[in-house]
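Heads up: the structure comes next, in structure tokens.
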Number of protein chains: 2
Amino acid sequence: MAYSQLLLSNQLCFRFYALERELMAAYRPLLDHLGLTYAQYITMLYLWENETGTVGELCSALSLDTGTMSPLLKRLEASSLIERKRLPSDERTVMVSLTAKGRELEQKAITIPDHIASCLLSNNKDEQGRKFQLLREMLDETLEQLKETRKEREKGRH
Amino acid sequence: MAYSQLLLSNQLCFRFYALERELMAAYRPLLDHLGLTYAQYITMLYLWENETGTVGELCSALSLDTGTMSPLLKRLEASSLIERKRLPSDERTVMVSLTAKGRELEQKAITIPDHIASCLLSNNKDEQGRKFQLLREMLDETLEQLKETRKEREKGRH
DNA sequence: TCCTGTTCTATTGCGTACAATATAACAGAC
DNA sequence: GTCTGTTATATTGTACGCAATAGAACAGGA
């Protein structure tokens, strides 16, 4: 027999894990229509917002590893949505920027947030709106707490 | 310039995405100690709780695809933590069960939930306890809503 | 200039995650 | 018993996600 803390039904983290994948499943048909994966989508979100960015800035903003970002950017470049150019001032740095085609794609994406919201919301939208505001705050707090704990852990190892 | 709904900072889903990976990062050093990944860990959680299960039951309980579960179980079997046997009564069905070694591993795992909780909690633990109760409820509601929407979407396609 | 250490990106290897497909075993109709 | 359709699992191919490593470019000191 299992210890109660190890029961799946008691695990907050399993809920996050399952919810994240269910969310991705909600995005998938919408993003298929744009020819993007979710990781590629948030990369485009960053670029629609900032026009350009280095690989490091993208990794940092999206909390992604270079081992994920590097091939992802190559695929976006292969789709002609972005360009990659090394800076003349520092040949180590790769600057990523939108192509015309990449900029145009934003028009196709603007309906996505509303569509996802309709998957998340049920009946009484007003109450739900307040609830999601609260949820967002709790997620931000939790994320901040996790990052802090992680930093301390990593500091302790040096 | 980007549309406000497409701003990363406004996206609830990006928070889930980032939080899920930060959570996995918190688990990783603990699970490394057991020689498990998170997906393998929740599979073991299921088996510690239920002793046995078919591949389909595991997939359903953990919301995982057979394409994920099948090789995962092979790795757990290679680590001698589980056994896989086809049922004599129905040769299509594979029954998964714990080995003695797999059952023993639970002892090493019982400290993990407390450790993760300490990564999630900050100062005033009492208030945080209530907060996480609320968070859990909201995650359950959201997950339920997403699954329902998904079912309707899939029903609509047939 | 040469050496050393750092920074920035890319690559490799392993383990998910999932769509699509394959395969074997079963169940029922005839 | 054979055919047909269904069920349960496995396999293949693509794309993350991340640790570890590699490699090129830069910065500063002797």
Side-chain angles (χ1 to χ4, degrees), chain A residues 14 17-29 31-32 34-43 53-60 62-79 84-96 150 153-154 157-158, chain B residues 14 17-29 31-32 34-44 53-60 62-79 84-96 150 154 157-158:
Chain A
F14 179 64
Y17 179 71
L19 185 48
E20 191 263 351
R21 279 174 301 139
E22 201 65 40
L23 256 183
M24 294 302 111
Y27 270 104
R28 203 165 294 120
L31 293 178
D32 278 352
L34 309 194
L36 296 176
T37 64
Y38 185 77
Q40 291 168 7
Y41 170 64
I42 60 172
T43 302
T54 67
V55 174
E57 285 166 351
L58 282 162
C59 286
S60 161
L62 308 178
S63 305
L64 283 172
D65 195 86
T66 67
T68 302
M69 190 51 82
S70 189
L72 185 156
L73 291 173
K74 282 194 174 181
R75 279 185 283 271
L76 287 179
E77 190 180 37
S79 308
R84 297 187 310 144
K85 277 183 192 158
R86 289 194 179 270
L87 287 186
S89 58
D90 185 344
E91 286 283 340
R92 293 170 305 179
T93 305
V94 171
M95 181 62 72
V96 179
R150 183 186 195 177
R153 190 170 59 241
E154 281 168 0
R157 240 190 277 118
H158 298 304
Chain B
F14 179 64
Y17 179 71
L19 185 48
E20 190 263 350
R21 280 175 300 139
E22 200 65 40
L23 256 183
M24 294 303 112
Y27 271 103
R28 203 164 297 119
L31 292 178
D32 278 353
L34 309 194
L36 296 176
T37 64
Y38 185 77
Q40 291 167 5
Y41 170 64
I42 59 173
T43 302
M44 295 302 289
T54 68
V55 174
E57 285 167 350
L58 282 161
C59 285
S60 162
L62 308 179
S63 305
L64 284 172
D65 195 87
T66 66
T68 302
M69 190 52 82
S70 188
L72 186 156
L73 291 173
K74 282 194 173 179
R75 281 185 282 271
L76 287 179
E77 190 180 37
S79 307
R84 296 186 310 145
K85 278 184 192 157
R86 290 193 179 273
L87 287 186
S89 58
D90 184 344
E91 285 284 340
R92 294 170 304 177
T93 304
V94 171
M95 182 61 74
V96 179
R150 183 185 195 176
E154 280 169 359
R157 240 189 278 119
H158 297 306

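Below, chains carry the letters A, B, ... as their sequence lines are ordered, and counting in each starts from 1.
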B/Tyr17: partners by ring-ring contact (aromatic ring centres under 6.0 Å, His included), with sequence neighbours left out
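In terms of ring-ring contact (aromatic ring centres under 6.0 Å, His included), with neighbours along the sequence ignored, B/Tyr17 is linked to A/Tyr38.
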Detail all sub-3.5 Å separations between protein N/O atoms and N/O atoms belonging to nucleotides 14-19 of chain C.
from, atom 1, to, atom 2, distance (Å)
C/dT16, OP1, B/Thr37, OG1, 2.3
C/dT16, OP2, B/Gln40, NE2, 2.6
C/dT16, OP2, B/Arg75, NE, 3.3
C/dA17, OP1, A/Tyr17, OH, 3.3
C/dA17, OP2, A/Tyr17, OH, 2.1
C/dA19, OP1, A/Arg28, NH1, 3.4

Heavy-atom side-chain contact between B/Leu34 and B/Met44 under 4.5 Å:
no
With a 4.5 Å cut-off on side-chain heavy atoms, are B/Asp32 and B/Arg28 touching?
yes
Before giving the answer on side chain to side chain contact (heavy atoms under 4.5 Å, CB included), spell out for B/Val96 and B/Thr43 the whole-Å C-alpha distance, their side-chain angles and the decisive distance to 0.1 Å.
CA-CA 10 Å; B/Val96 179; B/Thr43 302; over 6 Å; no
Taking atom CG of B/Asp65 and atom CG of B/Leu72, what is their separation to the nearest 0.5 Å?
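Output value for this atom pair is 12.0 Å.
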Report the distance from atom CG of A/Leu62 to atom OG1 of A/Thr68, rounding to the nearest 0.5 Å.
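Here the rounded value is 10.5 Å.
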Applying salt bridge (Lys or Arg N to Asp or Glu O under 4.0 Å), name anything that partners A/Arg75, two or more places apart in sequence or on another chain.
none
Please identify each residue that fulfils salt bridge (Lys or Arg N to Asp or Glu O under 4.0 Å) with B/Lys85, with sequence neighbours left out.
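Per chain and number, B/Lys85 pairs via salt bridge (Lys or Arg N to Asp or Glu O under 4.0 Å) with B/Glu83.
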Residue pair B/Leu64, A/Arg21: steps toward the side chain to side chain contact (heavy atoms under 4.5 Å, CB included) verdict:
CA-CA 9 Å; B/Leu64 284 172; A/Arg21 279 174 301 139; 3.0 Å; yes
Range on DNA chain D touched by chain A - first to last nucleotide, heavy-atom distance under 4.0 Å
D/dA15 to D/dC26
Taking all heavy atoms of B/Leu76 and all of B/Leu36, pick out the closest pair and write down the distance.
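Heavy atoms only, the tightest pair is CD2-CD2, 3.9 Å.
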Short of 4.0 Å, heavy atom to strand atom, which residues of residues 86-93 of chain A count as contacting DNA chain D?
A/Ser89, A/Asp90, A/Glu91, A/Arg92
